[in-house]
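Inspection log for the structure reproduced underneath, given as structure tokens.
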Amino acid sequence: QVQLVESGGGLVQPGGSLRLSCAASGSISSLTSMHWYRQAPGTQREWVASISSGGDTAYPDSVKGRFTISRDNAKNMMYLQMNSLKPEDTAVYYCNIFSSRLAVSYWGQGTQVTVSS
């Protein structure tokens, strides 16, 4: 069973940057899409970023131009570079990998990001 572990979260000042990492326990197939989600207390989980098996990326307007998703299949890793952070970005961030071959999604346990002065 594939397991994902997020890291890189923490406390950062508004306008600062963080780089989140997500490590997979097994090999990352090229036939996967990778995603980041976030969830603040009392809110539903929100989609943040996606990257397709072909490398196409997508973002919601709330983070477009500030966040960048990337993947390294050889290292079984995915990343989320977050720049110009705002207090509204405060949330637990979760990585997700969807396997089209297995028709199943894998989720990490989340990492806390807090943006505060």
Rounded to the nearest 0.5 Å, what's the gap from [atom1] on [X] to [atom2] on [Y]? Could you check?
| X | Y | atom1 | atom2 | value |
| --- | --- | --- | --- | --- |
| R71 | C95 | CZ | SG | 12.5 Å |
| Q13 | S117 | CD | OG | 6.5 Å |
| T111 | L80 | OG1 | CG | 11.0 Å |
| I97 | N76 | CD1 | CG | 8.0 Å |
| L20 | M78 | CG | CE | 9.5 Å |
| E46 | Q39 | CD | CD | 10.0 Å |

Check whether N96 reaches the backbone of Y106 with its side chain - one donor and one acceptor, N or O, closer than 3.5 Å. yes
With heavy-atom distances below 4.5 Å as the criterion, would you say the side chains of M82 and V12 are in contact? no
Distance-only check: which donor-acceptor pairs under 3.5 Å involve side-chain atoms of residues 54-63, not counting sequence neighbours?
{"from": "Y59", "atom 1": "OH", "to": "I69", "atom 2": "N", "distance (Å)": "2.9"}
{"from": "D61", "atom 1": "OD1", "to": "K64", "atom 2": "NZ", "distance (Å)": "3.4"}

Please list all pairs passing the side chain to side chain donor-acceptor pair (under 3.5 Å) test where one or both residues lie in residues 77-87, with sequence neighbours left out. S17-N83, Q81-N83
I'd like to know whether CD of Q3 has more than 12 heavy-atom contacts from other residues, nucleotides or ligands below 6.0 angstrom. no
Is there a path of hydrophobic side-chain contacts, each under 4.5 Å between heavy atoms of I/L/V/M/F/W/Y residues, joining V2 to L102? yes
Any chance you could pull the hydrophobic cluster mates of F98, using side-chain heavy atoms under 4.5 angstrom and chaining through other members? none
Under 4.5 Å side-chain heavy-atom separation, chaining through any Ile, Leu, Val, Met, Phe, Trp or Tyr, what else clusters with Y94? Say none if it is isolated. Y37, W47, V92, W107
If a pair satisfies salt bridge (Lys or Arg N to Asp or Glu O under 4.0 Å) and one of its residues is in residues 107-117, list it, with sequence neighbours excluded. none
Sorted by first residue and then second, give each salt bridge (Lys or Arg N to Asp or Glu O under 4.0 Å) pair with at least one member in residues 5-15; sequence neighbours left out. none
Closest heavy-atom pair, S100 versus L31, reported as atoms and distance to 0.1 Å, is OG-O, 3.0 Å
